[in-house]
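Report on the following structure.
Chain letters run A, B, ... following the sequence lines, proteins first, then strands; residues in each count from 1.
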Amino acid sequence: MNARDLVRALFVAAVAFTAPVAQALEIVIPEGWDSPTKVAVVPFGSAMAPDEPDPMASVDLAGIVAFDLTRSGQFSLLQSDNMLSYPSAPDQVYFRDWRILDMDYLVIGRAWTEASGAVSVVYHLYDVTSEREIASSRITAAPEKLRDIAHRISDEVYEHITGIRGAFSTKLLYVLVEDAATNSPTYHLKVADADGARARTVFRSTEPLLSPNWAPDALSIAYVSFETGKSTIVVQDLASGEREHIAAYPGINGAPEFSPDGTKLAMSLSRDGNAEIYTLDLASRELRRITRWPTAIDTEPSWTADGMSLIFTSDRPGKPQIYQVDLDKLNPDRLTWEGDYNARARLLPNGRHLVYVHRRERVYHIAWQDLERGTVRVLTQTALDESPSLAPNGTMMIYATQDLGRGILAVVSIDNGFRYLLPEAAGDVREPAWSPFIDALRGR
Amino acid sequence: MIRQLFGALSVVLAGVLLSACQSTEPEPEPEPVVQTPVVKPTPPPKEPEPEPPFDENLNPLDPVTRKPLNSTFYFEYDQARLAQGDIRVLAVHAQILRDYRNRSVNIEGHCDERGTREYNLALGERRSDAVRRYLISAGVRSTQIETVSFGEERPVDPGHDESAWAKNRRAMMIYR
């Protein structure tokens, strides 16, 4: 299924929001997901002369914006077939047409090619109830950045309506395994837009790849590669493709995570006998040992937003649980107490909530925990759920799960349980990592 | 420079030796000796020299039965404890590695797919280390042993059920 088909499938699902469960396979609307905000994104107009190239001949801007908003789980989008009019400029908007359709918000826009060859897009966001324009903006960029322009519009519309910064201009990093069940699998490290579009392989190996992770500037990545026959931590520049083996100590070299300021990598190494947490200063290459517990597995470190402490997995109580360690005091505190398998935690951007892999009745789910109140909630209901990674605005979580024995990626809303699956044509998909915020329109 | 000097010296030396041989007089033919038959005592039946406990691919064999020696050891879920039966087999491996100090092993640790990949990477190491520790306690030199954990990345059975998982939770000894 290509991205366009998925857009269509999701539209059907989103429009059928009155049904308790959507028809389309890609989307799961939970119970209680009722009357979300209703938005119409009208197909964008094209202000071109007959001999000018149509910038939207290959990219459906309104379709991308509508697909983005749909995936947030906070909006129900009006199918374009059901619209009564198709305005692309303010003087064509009749609010009556949208009130009849019970819309809360309306987005219109148009695109044209500048004399320089660049593409300009103007959009307007209206509040249908108050009949007011809430936002309007003109964005100009190179023609190959049309998709980026669409995601930027989604980000702005989302923020104007919800007050939360949009995260549609982000990327996903994940591992795709071809021929996973054979003796000769191929591992692809892939980068794609947050909607799954424009996927490209940034590294390929016949040996396992795992734990990919973004630098905070999203210009480089770190991951674990078995290309030398054993686990090695690699840092790779995305633009040049240049790679460096940054940790290849005796024993395991795993779980790299960039610090929020990008100057350090936290990792798990067994060079001193057993898996312990270390930080590596990327400039000085100075290695600092953080944990000391010779009988325990200490792994999966993740930084707090202030870079002052690490969350990590340790089986020092006998079974894996989540701990937090202050990097000055080095005295770990246990954070999870429910269940006998809690691992690979990630903090939400607010620093108060935690998501992690949680085993309950012998099934692995992703759980969410309020660190102040201690309440635990299971976010995902499928089996073998793994690798939770959060959108930088903290509203959505991507994770790996299985569908009919095949690894797939799913995204779930933290707040309302709205969930969708990212389709991949073939292969086993795993180890997703959601990028930090990216400004794709600023020249790179 | 030094190497050139050595080269020159060895050429000279070889020349000296060669000329020394050539200058020797030929040895006179030895006188024929009439052999008188002697009755030798029959030697006691000798112990057959033990055959090395390896097959044609140099994989280990049970020294007694000469059958392939089990080299894969299985573990319980989230455990790295060796089973009693496996320790008996490992004692034979240790004996072989003590007798053949020129042989070494690579011990791979593996896990089933449940649980997180990085935790399993460490758990696989714990399994390969359990085998390593036993071998060292039984007198095998640490220089004869290498370990590597593949975590859950290299299952032998790609299935998603208990029988597949049981096969995948393993440590494997590979002789080199």
Problem set entry | Heavy-atom proximity to chain A below 4.5 Å, by part of B:S149 | both
Exercise. Pick from A:T182, A:L384, A:L210: which one has the most heavy-atom pairs with chain B under 4.5 Å?
Worked result: A:L210
For this session: Answer with side chain, backbone, both or neither: which region of A:I297 has an atom nearer than 4.5 Å to a non-hydrogen atom of chain B?
Result: both
Exercise. Minimum heavy-atom separation for B:G115 to A:Y341, with atom names?
Worked result: CA-OH, 3.1 Å
For this session: Determine the option with the most heavy-atom pairs under 4.5 angstrom with chain A, choosing from B:D78, B:L123, B:L121, B:D157.
Result: B:L121
Exercise. B:E146, B:E108, B:R117: which one forms the most heavy-atom pairs within less than 4.5 Å of chain A?
Worked result: B:R117
Exercise. Less than 4.0 Å between a side-chain N and a carboxylate O, is that true for A:K230 and B:E125?
Worked result: no
Exercise. In terms of heavy-atom pairs under 4.5 Å, which option from A:A255, A:G251, A:A400, A:P185 contacts chain B the most?
Worked result: A:A255
For this session: Could you have a look at A:S270, A:S387, A:A275 and say which one has the most heavy-atom pairs with chain B under 4.5 angstrom?
Result: A:S270
Problem set entry | Residue selection (most heavy-atom pairs with chain A, distance under 4.5 Å) from B:E113, B:R126, B:R114, B:R154 | B:R126
Exercise. Under 3.5 Å, is there a donor-acceptor pair between the A:S268 and B:E118 side chains?
Worked result: no
For this session: Of all the heavy-atom pairs spanning A:E386 and B:T116, show the shortest one and how long it is.
Result: OE1-CA, 3.7 Å
For this session: Inspect the surroundings of CD in B:E76 and state if more than 12 heavy atoms from other residues, nucleotides or ligands are less than 6.0 Å away.
Result: no
Exercise. What do you reckon, is CZ of B:R141 surrounded by more than 12 foreign heavy atoms closer than 6.0 Å?
Worked result: no
For this session: Measure distances from A:S314 to the heavy atoms of chain B and classify the residue's part below 4.5 Å as side chain, backbone, both or neither.
Result: neither
Exercise. Does a sphere of radius 6.0 Å around CG in B:N102 hold more than 12 heavy atoms from other residues, nucleotides or ligands, not counting ones at 6.0 Å or beyond?
Worked result: yes
For this session: Indicate the atoms forming the closest heavy-atom contact of A:Y187 with B:E153, along with that distance.
Result: OH-O, 3.8 Å
Exercise. Can you say whether A:I252 sits under 4.5 Å from chain B via the side chain, the backbone, both, or neither, judging by heavy atoms?
Worked result: both
Exercise. Would one find more than 12 heavy atoms of other residues, nucleotides or ligands at under 6.0 Å from atom CZ of B:R81?
Worked result: no
Exercise. Given the options A:T313, A:D315, A:T299, A:N274, which has more heavy-atom pairs under 4.5 Å with chain B than any of the others?
Worked result: A:D315
For this session: Below 4.5 Å from any heavy atom of chain B, which atoms of A:V224 appear? Answer side chain, backbone, both or neither.
Result: side chain
